[in-house]
Amino acid sequence: MAQSIAKEFTKGLWAELPPFRLVLGLCPVLAVTQSVENGIGMGLATTFVLICSNFLVSLLRNIIPAKVRIACYIVIIATFVTIVELLMQAFVYELFLKLGIFIPLIVVNCIVLGRAEAFAGKNAPHMAIADGLGMGIGFTLSLGALGAVRESLGAGTILGTPLFGPDFQPFTFMVQAPGAFVCLGLMLCLMNLIGKK
Amino acid sequence: MREMISMVVVLTVLSAFSGGLLATVRSNTQDRIENQVLKFEKAPAIKAILSDVSNDPLQDRFKLTTDGIENTFFVGKQDGKAASVAFETKGKGFEGAIGLMVGIDLETDTVIGVRVTTHSETPGVGSRAKDDPSFASQFEGQSLENGFSVKSDGGAIDAMSGATITSKGVCLAATKAQELYTKLKPEINNQITNLAN
């Protein structure tokens, strides 16, 4: 029992790491990872939605009729996304301004709906929470890592503190949109190389 | 038939529950969100306009409702006496609403200064209304007897080149501020007297 919970939790951290292994939810991955702070903030918001929606979907899995399950999932997910949006406005307004439109867009993030459909709709609540937590942390770490690479090369800082001397010329390409694709591609490549061994 | 009913019932109950939850969260975060918006979006504009006051205009504020629209007024004091008031109006720009904070001298009924707060104008073109002080400074010291309009419309304001619509939007917001102030002046004075006590 405890073993299988651990398994559901850890699969999100490596074997099914959302952006790099499942290659899902790339919109926020590409759009908000100009800095570590934005990446982790976005990741945590998504994690909260994932855990809550997974739990509720799993709890209601025997009540929700199969034909309207997607509609029900969307209602549940949209509710939690709106809650996150309100809470972020109330407590971390600066981060909310930076992430902007990408917070409401968590509704259509395919990781959230994907986990509800593929996992939470078929498994018990405690398993669904473990799954949501694992996927969420994996997603947060991926965004943080991508943000760290892009921020350090593109702006020469990590979490706003300068890394290199004053002579450092920021490689601004990395914090712009094309840099996101290049960086994601290189990280996918790296992940595949490591995974091969 | 039974399936049909269960589909309708489940979706309805779920949506109603979600609505109730969101209403609760919203009513609990509303005040905090309002404060955050004040702090991050309006405070810089208010501080810039009412620069030589001895109080904190963010604290000394009151609300008045006209035609179903609620406006917040921020009072600036000098030597313990109310000297100026600032409030926000909206004008229609090139890409949507432009928020304009307008500061007015209570004694002379002239504009102390204006600052664009929120906008979604084209970066580098219409956004100069906010970033380039030379446009907004044209409003300083203007009397409130007439409205404001750009020179091509027979007014006194030089439009920003390439951003005529934005310039007109700002003038429209300033004109609305003038109308609002003229209309509400007795009430504003009343509120200020109350505030002092």
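A note on names: the letters A, B, ... follow the listed sequences, proteins ahead of strands, and every chain is numbered from 1. The figures that follow rest on heavy atoms only: side chains count, while hydrogens, waters and symmetry mates do not.
Within a 6.0 Å radius of CZ in Phe48(A), more than 12 heavy atoms belonging to other residues, nucleotides or ligands are found. Heavy-atom contacts from other residues, nucleotides or ligands closer than 6.0 Å to CZ of Phe181(A) number 12 or fewer. Other residues, nucleotides and ligands contribute at most 12 non-hydrogen atoms within 6.0 Å of the CD atom of Gln169(A). Heavy atoms of other residues, nucleotides or ligands lying less than 6.0 angstrom from CZ of Phe17(B) number 12 at most. Glu94(A) CD: 12 or fewer foreign heavy atoms inside a 6.0 Å radius.
Within the 3.5 Å criterion, the main-chain N or O of Ala90(A) finds a donor-acceptor partner in the side chain of Gln36(B).
Residue contact with chain A, scored on non-hydrogen atoms closer than 4.5 Å, involves the side chain of Glu41(B) exclusively. Heavy atoms of Leu21(B) lying under 4.5 Å from chain A belong exclusively to its side chain. In this structure, no portion of Phe96(A) lies under 4.5 Å from any heavy atom of chain B.
At a heavy-atom cut-off of under 4.5 Å, chain B is reached by Leu60(A), Ile63(A), Ile64(A), Pro65(A), Lys67(A), Val68(A), Ala71(A), Cys72(A), Val75(A), Ile76(A) from residues 54-76 of chain A, listed in order of number. Within residues 2-12 of chain B, the residues having any heavy atom closer than 4.5 Å to a heavy atom of chain A are Glu3(B), Ser6(B), Met7(B), Val10(B), Leu11(B), listed by residue number.
Contact annotation: the side chain of Phe91(A) approaches that of Arg32(B) to within less than 4.5 Å [non-hydrogen atoms, C-beta and beyond]. In this structure, Leu86(A) and Arg26(B) have side chains that are in contact, with non-hydrogen atoms separated by less than 4.5 Å.
The cluster map of Ile, Leu, Val, Met, Phe, Trp and Tyr, joined by side-chain heavy atoms under 4.5 Å apart, puts Ile158(A) and Leu141(A) in different clusters. With hydrophobic clusters built from ILVMFWY side chains whose heavy atoms lie under 4.5 angstrom apart, Val92(A) does not share a cluster with Ile40(A). Hydrophobic clustering (ILVMFWY, side-chain heavy atoms < 4.5 Å, transitive): Met135(A) and Phe139(A) are in one cluster. Note: the hydrophobic cluster containing Phe164(A) does not contain Leu153(A) (ILVMFWY, side chain heavy atoms under 4.5 Å, direct or indirect links). Side-chain heavy atoms closer than 4.5 Å link hydrophobic residues (I, L, V, M, F, W, Y) into clusters, and following such links, possibly through other members, connects Phe20(A) to Ile194(A).
Rounding to the nearest 0.5 Å places CG of Leu22(B) at 10.5 Å from CD of Glu85(A). From Gln89(A), atom CD reaches atom CD of Glu34(B) across 12.0 Å, with rounding to the nearest 0.5 Å. Taken to the nearest 0.5 Å, the OH atom of Tyr93(A) stands 11.5 Å off from the CG atom of Asn35(B).
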